[in-house]
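Shown next, in C-alpha cells, is the structure this report addresses.
Quick note on labels: first sequence line is chain A, next is B, and so on, each numbered from 1.
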There are 2 protein chains.
Amino acid sequence: MAVKRSGAPGKRSQRTSGRIPPAKEPHGESPLSRDRIVATAVELLDAQGLDGLTMRRLADRLGSGVMSLYWHVDSKEDVFDLALDSVLEYRGPPQGVESQDWRGDVVHVLEDWRAGMLRHPWSASLLPRRALGPNILSRLELLGTTLSRAGVADSDLNAAIWSLWNYVMGATITRASFDVSDDDRAAGQQRLTRLSERYPTIERSRLLLDDDWDGAFRKGLGFLLDGLAPARRPAPDATARA
Amino acid sequence: MAVKRSGAPGKRSQRTSGRIPPAKEPHGESPLSRDRIVATAVELLDAQGLDGLTMRRLADRLGSGVMSLYWHVDSKEDVFDLALDSVLEYRGPPQGVESQDWRGDVVHVLEDWRAGMLRHPWSASLLPRRALGPNILSRLELLGTTLSRAGVADSDLNAAIWSLWNYVMGATITRASFDVSDDDRAAGQQRLTRLSERYPTIERSRLLLDDDWDGAFRKGLGFLLDGLAPARRPAPDATARA
DNA sequence: ACCTGAACACCGTTCAAGT
DNA sequence: ACCTGAACACCGTTCAAGT
C-alpha cells in the first residue's frame with residue numbers, strides 16, 4: 001500500500017534562487033542543480049511523454065552520471081512532483097480589478113488552466129495522482145475567490161470548486177490523450193459506422209468525429225456555469241427572491 | 001511518436017465462449033487462455049495497482065512461463081486494454097421502460113459508471129489513455145440515448161455527452177487517486193492552515209477536508225444537469241416558449 | 001558538499017527451440 | 001497449436017568510494 005507523500009520538503013532543501021548565477025547558466029556544462037534537473041525533466045517529458053522520462057536519460061541530457069541526480073533529488077517520484085508543479089506555475093492576472101463579469105472571470109481562469117496543461121500534455125494525467133503542490137493550491141484558491149466574489153454561497157462553494165475541477169481535469173486529460181492521433185478517431189468512427197446498429201445514437205451525432213475541442217470545452221463549461229448561476233446569492237442590488 | 005492502436009482484432013482472434021469448458025475452470029492448473037489471463041490481470045491490478053501489473057508476476061500467478069502469455073496476447077499494452085474493457089462491461093438496466101424522470105435516468109447511468117470504475121480504482125486513470133473499447137462505446141451510447149430521449153436537442157447532444165463524460169472522468173480519477181490515504185488530505189489541510197494567509201478562501205471553506213465524495217459528486221452533477229435542462233426541446237405537452 | 005561506477009533486483013520482448 | 005528458457009537491452013536504486 002504505497003503512501004503518497006504530500007510534498008514533504010525533503011532532507012536537503014536548497015533554494016537556488018536569491019543567489020547570483022555564475023553568468024553561465026544557458027548551456028555549457030553548468031553544474032548540476034535541482035532547478036536544472038527539473039527544467040531538463042520537463043524538456044524530456046515534453047519531447048517523449050511520461051514513459052520517456054528515465055533517470056538514465058535525464059542524466060545523459062545533463063551530462064552527468066545517473067547517481068549524481070540523487071544528490072539533488074529523492075527519487076524519480078520526486079522528479080515527477082517537481083516537474084509537475086513547475087509547469088503549473090501561475091502568473092496571476094490583474095488581481096486588483098473588481099470585475100463585473102463573473103462568468104468571464106471563471107472562464108478565463110479555467111481556460112488558462114487548461115491551456116497550461118495542454119502545453120505539457122503529460123501534466124494533466126499526472127496531476128490527479130500527485131499531492132497538491134503549492135501552484136495547484138493557488139489555482140484552486142484563485143478559483144475559490146473568483147466564485148466567492150461572483151456570489152456563490154459559502155455552503156455551495158466546495159461543491160462548485162470541485163465540479164469545475166472535475167470538468168477541467170476530465171476535459172483536459174481526455175483531450176491530451178486523444179490528441180496523439182486523429183487517424184485513430186477517424187478509424188474509431190469508421191468502426192462505429194460499421195456497427196451503427198449497435199451504437200446508433202452516437203453514430204448519428206458523429207460523436208467521435210467532432211474535433212472542435214476548444215468549442216466543446218467552452219460550450220460544456222457554459223452548461224455548468226448556467227447550472228451554477230442559481231447557487232449565487234442574489235446580488236445586493238437585485239430583488240431578493242429565495 | 002507512439003501510435004495508439006484502436007483495438008485491432010489481433011492476429012489470432014480466438015473466442016473461448018461458445019465452447020463447453022472442461023468442467024475445471026475454477027482453480028487447478030487449467031490451461032492458459034486469453035480470458036484467464038485477463039481475469040488474473042484484473043485481480044493483480046485490483047490488488048497492486050497499475051504499477052503492480054507485470055508480465056512476470058502475471059505469469060507467476062497463472063503458473064506458466066512468462067513467454068507463454070505472448071501466445072494469447074500481443075503485448076502488455078494489450079493486457080491493459082483487455083483488462084480495462086472487461087471491467088467496464090455494462091449489464092443494461094430495464095431498457096424497455098419509458099421513464100418519465102430524465103434526470104434520474106442520467107444520474108443513474110453516471111453513478112453506475114462511476115461506481116464501476118471505483119470498484120477497480122486503476123481503471124479510471126487508465127481509461128482516457130486507451131482507445132475506446134466496445135463497452136465504453138456502449139456506455140456512451142446509453143448516455144446519448146438517455147439524453148436524447150430526455151429531449152436534449154441534436155445540436156447540443158455531443159456537447160452534452162462530452163460535458164458529462166468530462167465531469168464523470170474528472171471526478172472519478174480524482175477520487176480514485178486521493179482515496180489512497182486520508183492522512184494525506186488531513187496533512188494537506190494542516191499545511192493549508194499553516195499557510196492560511198496564502199490560501200484564505202479554500203482554507204476557510206475547508207476544501208481539502210470535505211470527504212463526502214458521493215455527496216459532492218451528486219451535487220456537482222446536479223449543477224451540470226441544471227445547466228443542461230434548458231438545452232432540452234420543450235416537451236410535446238409543455239407550453240412552447242423560446 | 002558534491003559526484004561517481006559497480007552491482008542488485010528487477011523490467012518487456014525477440015528468438016530459436018521444444019512438444 | 002501451444003509452451004518454454006536463454007538472452008538482450010533496458011529500468012530505479014543501494015552502497016561504498018572518490019574528490
Side-chain angles (χ1 to χ4, degrees), chain A residues 2-5 10-16 19 21-22 24-25 28-38 40-41 44-45 48-83 126 129-130, chain B residues 2-5 10-16 19 21-22 24-25 28-38 40-41 44-45 48-83 126 129-130:
Chain A
V3 174
K4 232 180 336 186
R5 277 172 306 123
K11 308 163 207 164
R12 9 181 161 58
S13 56
Q14 45 131 275
R15 293 267 74 238
T16 312
R19 219 172 315 128
K24 55 165 295 196
E25 7 166 37
E29 297 300 340
S30 26
L32 232 38
S33 78
R34 200 180 169 94
D35 289 352
R36 217 162 76 82
I37 291 175
V38 172
T40 308
L44 204 47
L45 285 164
Q48 319 249 29
L50 275 181
D51 293 338
L53 179 61
T54 275
M55 296 306 271
R56 287 167 141 101
R57 274 208 271 259
L58 188 49
D60 262 14
R61 274 210 185 203
L62 288 160
S64 77
V66 202
M67 293 319 297
S68 313
L69 303 180
Y70 285 85
W71 177 259
H72 305 271
V73 133
D74 283 345
S75 64
K76 190 185 178 182
E77 296 272 287
D78 200 17
V79 177
F80 273 128
D81 284 338
L82 294 167
L126 197 56
R129 280 189 262 165
R130 306 270 127 207
Chain B
V3 173
K4 234 181 332 185
R5 277 172 306 123
K11 308 161 206 163
R12 8 179 162 62
S13 56
Q14 45 129 274
R15 295 266 76 238
T16 311
R19 220 174 313 129
K24 57 166 292 199
E25 5 167 39
E29 297 298 341
S30 24
L32 232 38
S33 79
R34 202 180 170 91
D35 289 351
R36 218 163 76 84
I37 292 176
V38 173
T40 310
L44 204 46
L45 285 163
Q48 320 249 28
L50 275 181
D51 294 337
L53 179 60
T54 276
M55 296 305 271
R56 288 167 139 100
R57 273 208 271 259
L58 189 49
D60 262 15
R61 275 210 185 205
L62 288 160
S64 78
V66 201
M67 293 319 298
S68 312
L69 303 180
Y70 285 85
W71 177 259
H72 304 271
V73 133
D74 283 344
S75 64
K76 190 184 178 183
E77 297 272 288
D78 199 18
V79 177
F80 273 128
D81 284 338
L82 294 167
L126 197 56
R129 280 189 261 165
R130 306 271 126 204

[X] [atom1] to [N] [atom2]: how many Å, rounded?
X	N	atom1	atom2	answer
Gln48(B)	dC11(C)	CD	P	11 Å
Asp60(A)	dG5(C)	CG	C1'	14 Å
Leu58(A)	dC10(D)	CG	P	17 Å
Leu62(A)	dC3(C)	CG	C1'	13 Å
Arg34(A)	dC3(C)	CZ	C1'	17 Å
Leu69(A)	dG5(C)	CG	P	12 Å

Contact under 4.0 Å: [X] side-chain N or O vs [N] OP1/OP2:
X	N	result
His72(B)	dA1(D)	no
Trp71(A)	dC2(C)	yes
Ser64(A)	dC3(C)	no

Q.
For Arg34(A) versus His72(A), what's the shortest heavy-atom pair and its separation?
A. NH1-O, 3.1 Å
Q: Kindly give the heavy-atom pair with the smallest separation between Ser64(B) and Leu69(B), and that separation in Å.
A: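 The pair with the smallest heavy-atom distance is OG-CD2, 4.2 Å.
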Q. Do Trp71(A) and Leu32(A) have side-chain heavy atoms sitting under 4.5 Å apart?
A. no
Q | Secondary-structure stems, DNA chain C, at least 3 Watson-Crick or G-U base pairs under 3.5 Å | A | C:4-8 with D:12-16, C:12-16 with D:4-8
Q. On a whole-Å scale, what distance lies between the C1' atoms belonging to dA9(D) and dC10(C)?
A.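 The answer is 13 Å between these two C1' atoms.
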**Q.** Heavy-atom protein contacts under 4.0 Å, nucleotides 12-17 of chain D, coded B base, S sugar-phosphate only, - none
**A.** BBB---
